[in-house]
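Structure record follows, encoded as structure tokens.
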Amino acid sequence: MDENNFLLARLQQGCAGREAEAFIHGPNGRSFAEFFANAEKLGAALHSLGVRPGDRVAVQVGKSIEALELYVGTVMAGGIFLPLNPAYTASEVAYFLGDAEPQVFVAAPDRVGELADAARDVPEVVALGADGSGSLLDLAAGQGRFTPVPRTAEDLAAILYTSGTTGRSKGAMLTHRALASNSGTLVDVWRFTPEDVLIHALPIFHTHGLFVATNVALMAGASMIFQPAFDSDAILEAMPRATTLMGVPTFYTRLLDKEALTPALTANMRLFISGSAPLLSETHARWQARTGHTILERYGMTETNMNTSNPYEGERRPGTVGFPLPGVELKIVGDSGRELPDGEIGIIEVRGDNVFSGYWRMPEKTAEELRPDGWFITGDLGMRDPDGYITIVGRSKDLIISGGLNVYPKEVEAVIDDTDGVKESAVIGVPDADFGEQVVAVVVRSNPTLGPEAIRRSAEQQLAKFKCPRRIEFIDELPRNTMGKVQKNILRELYS
Ligand code: MLC
Ligand code: AMP
């Protein structure tokens, strides 16, 4: 265990004395010792590529154990891990690389050529395939022992990009302390132990799959059944050997469609956790009726890690996200900036070690959302009931959450508005049975013969698939209020 690297020491603490036991189960599995040894080689490889403390390591690769080892290897090298959704297009990647200026960009082998232009200013570009191939692993294989670079609690461990209401993505800077403290709290409140086996079916380029799932498992010394992507059948097949599942609400609605989901199949499971998007009370009730288990819903954000959770013991109240976690302060604030009493709806603000330290190279944006006294303005609308449970009732930010992935309308509108024949557009979220919300574009044409295909093509060229509108509707004029602001609520009613 290396005490000089704050986060690493905490990630290693769970397996102390049990290094030979399995961390990842399955044919391509790993013991804890193998996992950390591979991470060390990757750390050494990054060092040989010039990564020095504080350098960014941008990673856009498919989900694999090696990619998780690369995350820990980056921490060992003293770098800042910057994961990117593999669905991002070349133009999206170009923005992230230009903004973050990483020392190394790790790309999927089949996309290195396509992304060469986007990565032209990055000193080192290497490849890592989901099948364990690629130049980075070749380089790692030749490395000897590597002493992890010392890092304090205040040093940055990761930057996660999150889109913004102005359309430009912002890099949320997360310190070793923010990540370690939050995962440590979750280990305690969700009672994770070395006996736990977590089904990991989430992507690993977001807070949920990377920091909540992986860090919690490592810190607890728990093990994982690591699945390459969400697949209902694979999850059901794993359940008799597992104890916990973390998922977005779409996981639970899709699993409920399977007849094989029964109390007998879930008998070994002790905890089902949902987050990243609202879990319908109906899903909560159906899950309970079908399995006998009560889903535990929690609430978090890229900028804050996890903020609240329903209790492990005590009532897990449907439609609520539970109580603030230990060490997290939460208040509901009105327009005047004043804290509101219980029962009133306002903006949720949070403060604690879990909160990020600002947006990468965007001091003005940071100042808009992070108060000097440490309170972060989440943009989520919520209220606290007399028993202390927090309910999220909506969002003050213009944001769509589709299958747990955030889509900022402004970003999609900018791409559509740039399409020839489009005068203007408004992008809205409407209810969707599978994804919770789906993206709909409402478009005013300057060329009346323009069809939806041209708009779809232009969106797909520039935006990741999950951001592209599922439906494109044409309208003569966008409804506006007296201030000239588009009335999206009217559009949502019209097209839901
Ligand atoms: C995939 N597609 C999506 C989508 N995911 N479209 C909209 N929204 C999504 N979330 C596209 C695919 O490209 C595909 O397009 C089509 O939709 C259908 O794909 P699918 O096979 O049905 O989807 P699947 O691959 O099964 O993925 C769905 C999903 C996945 C819900 C399992 O999106 C997922 O794992 N979501 C979790 C995201 C997550 O981890 N969020 C946490 C963020 S952190 P086509 O046309 O090619 O067929 C955070 C903080 C916190 O929010 O609190 O945790
Ligand atoms: P992201 O920026 O991807 O981290 O998404 C964070 C946003 O997801 C939050 O600001 C909330 O709007 C939403 N969110 C996360 N968990 C929940 C939840 N349990 N219920 C409702 N919304 C949630």
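Both ligands and their constituent atoms are indexed starting at 1 by order of listing. In this text the structure is predicted, and so the values were computed from the model without any measurement.
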4.0 Å heavy-atom contact, Arg254 with ligand 1: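 For ligand 1, residue contact (heavy atoms, under 4.0 Å) with Arg254 is present.
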
key: 4.0 Å heavy-atom contact, Ala229 with ligand 1   =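 So Ala229 does not count as touching ligand 1.
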
Ligand 1-proximal atoms of [X], by part, heavy-atom distance under 4.0 Å:
X      : answer
Arg298 : side chain
His208 : both
Phe435 : side chain

Which of the numbered atoms in ligand 2 are below 4.0 angstrom from a heavy atom of [X]?
X      : answer
Thr302 : 1 (P), 2 (O), 3 (O), 4 (O)
Pro278 : 20 (N), 21 (C), 22 (N)
Glu297 : 18 (C), 19 (N), 20 (N)
Met301 : 4 (O), 6 (C), 9 (C), 10 (O)
Ile401 : 8 (O), 12 (O), 13 (C)
Ser276 : 8 (O), 13 (C), 14 (N), 15 (C), 16 (N), 17 (C), 23 (C)

With the threshold set at under 4.0 angstrom, would you say [X] reaches ligand 2 through any of its heavy atoms?
X      : value
Arg298 : yes
Lys397 : yes
Thr378 : no

- Query: Arg270 and Asp196: salt bridge (Lys or Arg N to Asp or Glu O under 4.0 Å), yes or no, with the steps?
  - Reply: CA-CA 9 Å; Arg270 71 168 180 90; Asp196 274 309; 2.8 Å; yes

Ring-plane angle category for [X] and [Y], please: parallel below 30°, perpendicular beyond 60°, tilted otherwise.
X      : Y      : result
Phe323 : Tyr389 : tilted
Tyr252 : Phe272 : perpendicular
Tyr88  : Phe466 : tilted
Tyr95  : Tyr161 : perpendicular
His176 : Phe6   : perpendicular
Phe226 : His200 : tilted

Considering Ser402, Ala464, Gly247 one by one, which has a heavy atom nearer to atom 10 (N) of ligand 1 than any of the others?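 Checking each option, the heavy atom nearest atom 10 (N) of ligand 1 is found in Ser402.
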
Check your understanding: With respect to atom 10 (O) of ligand 2, which of Thr162, Thr207, Asp380, Asn310 exhibits the smallest heavy-atom separation?
Key ->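 Considering heavy atoms of Thr162, Thr207, Asp380, Asn310, the nearest to atom 10 (O) of ligand 2 sits in Asp380.
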
Numbered atoms of ligand 1 (with element) below 4.0 Å of Thr250, judged on heavy atoms: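 Answer, ordered by atom number: 31 (C).
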
For this session: Would you mind running through ligand 1 and noting each atom that sits below 4.0 Å from a heavy atom of Leu202?
Result: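 Taking each heavy atom of Leu202 in turn, ligand 1 has 40 (O) under 4.0 Å.
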
Checking a contact table here: which protein heavy atom is nearest [atom], and how many Å away?
atom                    : answer
atom 36 (N) of ligand 1 : Gly403 O, 2.9 Å
atom 13 (O) of ligand 1 : Lys465 CG, 3.4 Å
atom 5 (O) of ligand 2  : Asn406 ND2, 3.0 Å
atom 17 (O) of ligand 1 : Arg470 NH2, 2.7 Å
atom 41 (N) of ligand 1 : Gly404 O, 2.9 Å
atom 32 (C) of ligand 1 : Phe230 CB, 3.5 Å
atom 42 (C) of ligand 1 : Ser276 OG, 3.3 Å
atom 35 (O) of ligand 1 : Pro203 CD, 3.5 Å
atom 17 (C) of ligand 2 : Ala277 N, 3.6 Å

Checking contacts here: is it the side chain or the backbone of Ser274 that comes within 4.0 Å of ligand 2, counting heavy atoms only? Could be both or neither.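 The answer is neither; Ser274 stays 4.0 Å or more away.
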
(Q) Among all the protein's heavy atoms, is there at least one whose distance to atom 19 (O) of ligand 1 comes out below 4.0 Å? (A)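 Given the 4.0 Å cut-off, atom 19 (O) of ligand 1 does not count as touching protein heavy atoms.
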
task = Return a yes/no value: protein heavy atom under 4.0 Å from atom 8 (N) of ligand 1?
result =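 Neighbour list for atom 8 (N) of ligand 1 includes protein heavy atoms (cut-off 4.0 Å).
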
Run through Arg316, Arg317, Gln288, His284 and flag the one making a side-chain hydrogen bond (donor to acceptor under 3.5 Å, both in side chains) with Thr294.
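That would be Gln288.
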
State, yes or no, whether a side-chain contact exists between [X] and [Y] at a heavy-atom distance under 4.5 Å.
X      : Y      : answer
Val333 : Ile348 : no
Glu329 : Lys331 : no
Leu179 : Arg10  : no
Val59  : Leu84  : no
Phe192 : Thr244 : yes

Item to check | salt_bridge(Asp99, Arg361) N-O dist < 4.0 Å | outcome: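 Salt bridge: no.
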
Name the residue from Leu463, Ile455, Ile472 that meets the side chain to side chain contact (heavy atoms under 4.5 Å, CB included) definition with Ile416.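 That would be Ile455; it is the only one of Leu463, Ile455, Ile472 passing the side chain to side chain contact (heavy atoms under 4.5 Å, CB included) with Ile416.
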
* To do: Could you check Ile390, Leu325, Asn354 and say which one makes a side chain to side chain contact (heavy atoms under 4.5 Å, CB included) with Asn307?
  =>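 One option only clears the test, and that one is Asn354.
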
Within the 3.5 Å criterion, strictly below it, is a donor on Asp188 or Thr185 matched to an acceptor on the partner's side chain?
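Absent: no donor and acceptor within the cut-off.
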
task: Could you walk me through whether Glu369 and Tyr359 pass side-chain hydrogen bond (donor to acceptor under 3.5 Å, both in side chains), step by step?
output: CA-CA 10 Å; Glu369 294 177 39; Tyr359 294 112; 2.8 Å; yes

Any nitrogen or oxygen of Phe466, side chain or backbone, less than 3.5 Å from one on ligand 1?
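For ligand 1, there is no N or O atom that lies under 3.5 Å from one belonging to Phe466.
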
